[in-house]
Amino acid sequence: MAMEAPIEIVPGCLYWPGWLDRAGQESLAADLRAILAKAPLFTPRMPRTGKPFSVRISSCGRLGWVSDVAGYRYQPTHPETGEAWPPMPPALIRAWAELAGTALAPEACLINWYAPGARMSLHQDRDEEEFSAPVLSLSLGDTALFRIGGTARKDPTRSFRLASGDALLLAGPARLAFHGIDRVFPETSTVLRQPGRINLTLRRVHRAGLSEFPP
DNA sequence: CAGTTACT
DNA sequence: ACAA
């Protein structure tokens, strides 16, 4: 299979602009509408303070990432409905298989919904047990200004735009890099049929084992 | 500090 | 820069 070579933004941070074509984006958007009908977006809150995030989130896959006053964690059920997260659609399994470069299956896909004006401040993805597996990010909808630095908060950062269909991998030395979204640019995509942006973040949570098997 | 605010 |  022909695959265009990614751009390496910083060591370990691989970027495939336009990885998904328009049809692939539309199809994934339809998958997500079905998922969000079963696992509605909810507002995460900061540990201890309870301050709400500006993004709303949901998940698919075996585990979902949640945040509330008690802290950050992965859990197998939606915090408001109590239901298991919907399964990961085949298109996402395929994306992980093609880009992640690991035999470990993805366990969690966090769905971040950025309404116009929503932001995500600089952070690390560090709530997993397994850091040898990369984090895979897919963008859908309006273009965003993404920023990535090093493994220390004070490290210098670089910014670039993530557009609908772009894929980004945080692997190796970039797996624990600080990153965030500074801005979403209005009216830069029609894929979602509404203003805003969706970011999908696929992750391996556990080191290995039983999550490979059906329940 | 996956947060907001102030100021260049 | 913050405040715990």
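Chain identifiers are assigned alphabetically (A, B, ...) following the order of the sequence lines, protein sequences preceding nucleic acid strands; residue numbering begins at 1 within each chain.
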*Take atom C1' in dC1(B) and the same atom in dT5(B), then report the distance between them in whole Å.*
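One C1' to the other, the span is 13 Å.
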*Take atom CD in E187(A); do more than 12 heavy atoms of anything else shown fall under 6.0 Å from it?*
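No, the 6.0 Å shell around CD holds no more than 12 heavy atoms from other groups.
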*asked:* For R161(A), is the CZ atom crowded, meaning more than 12 foreign heavy atoms sit under 6.0 Å from it?
replied: no
*Evaluate the side-chain proximity of F42(A) to T81(A): yes if any heavy-atom separation is below 4.5 Å, no if none is.*
no
*Kindly indicate whether the side chain of K38(A), heavy atoms from C-beta on, has any atom under 4.5 Å from the side chain of W85(A).*
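Not in contact.
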*asked:* Give me the atom names and distance for the closest heavy-atom approach of E26(A) to V191(A).
replied: OE1-O, 4.1 Å
*Spell out protein contact along nucleotides 1-8 of chain B as letters: B when the base is contacted, S when just the sugar-phosphate is, - when no protein heavy atom is under 4.0 Å; keep the 5' to 3' order.*
BBBBB---
*asked:* For DNA chain B, please output the secondary structure as dot-bracket, reading 5' to 3'. Pairs are Watson-Crick or G-U wobble, both atom distances under 3.5 Å; mark crossing pairs with [ ], other-strand partners with |, unpaired with a dot.
replied: ..||....
*With under 30° as parallel and over 60° as perpendicular, where do the rings of F160(A) and F146(A) fit, or are they tilted in between?*
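Correct class here is perpendicular.
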_With sequence neighbours excluded, residues passing side chain to side chain donor-acceptor pair (under 3.5 Å) with R197(A)_ =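 Side chain to side chain donor-acceptor pair (under 3.5 Å) list for R197(A), sorted by chain: S139(A).
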*Taking the six-membered ring for Trp, are Y74(A) and H206(A) ring centroids under 6.0 Å apart?*
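Y74(A) vs H206(A): aromatic centres not under 6.0 Å.
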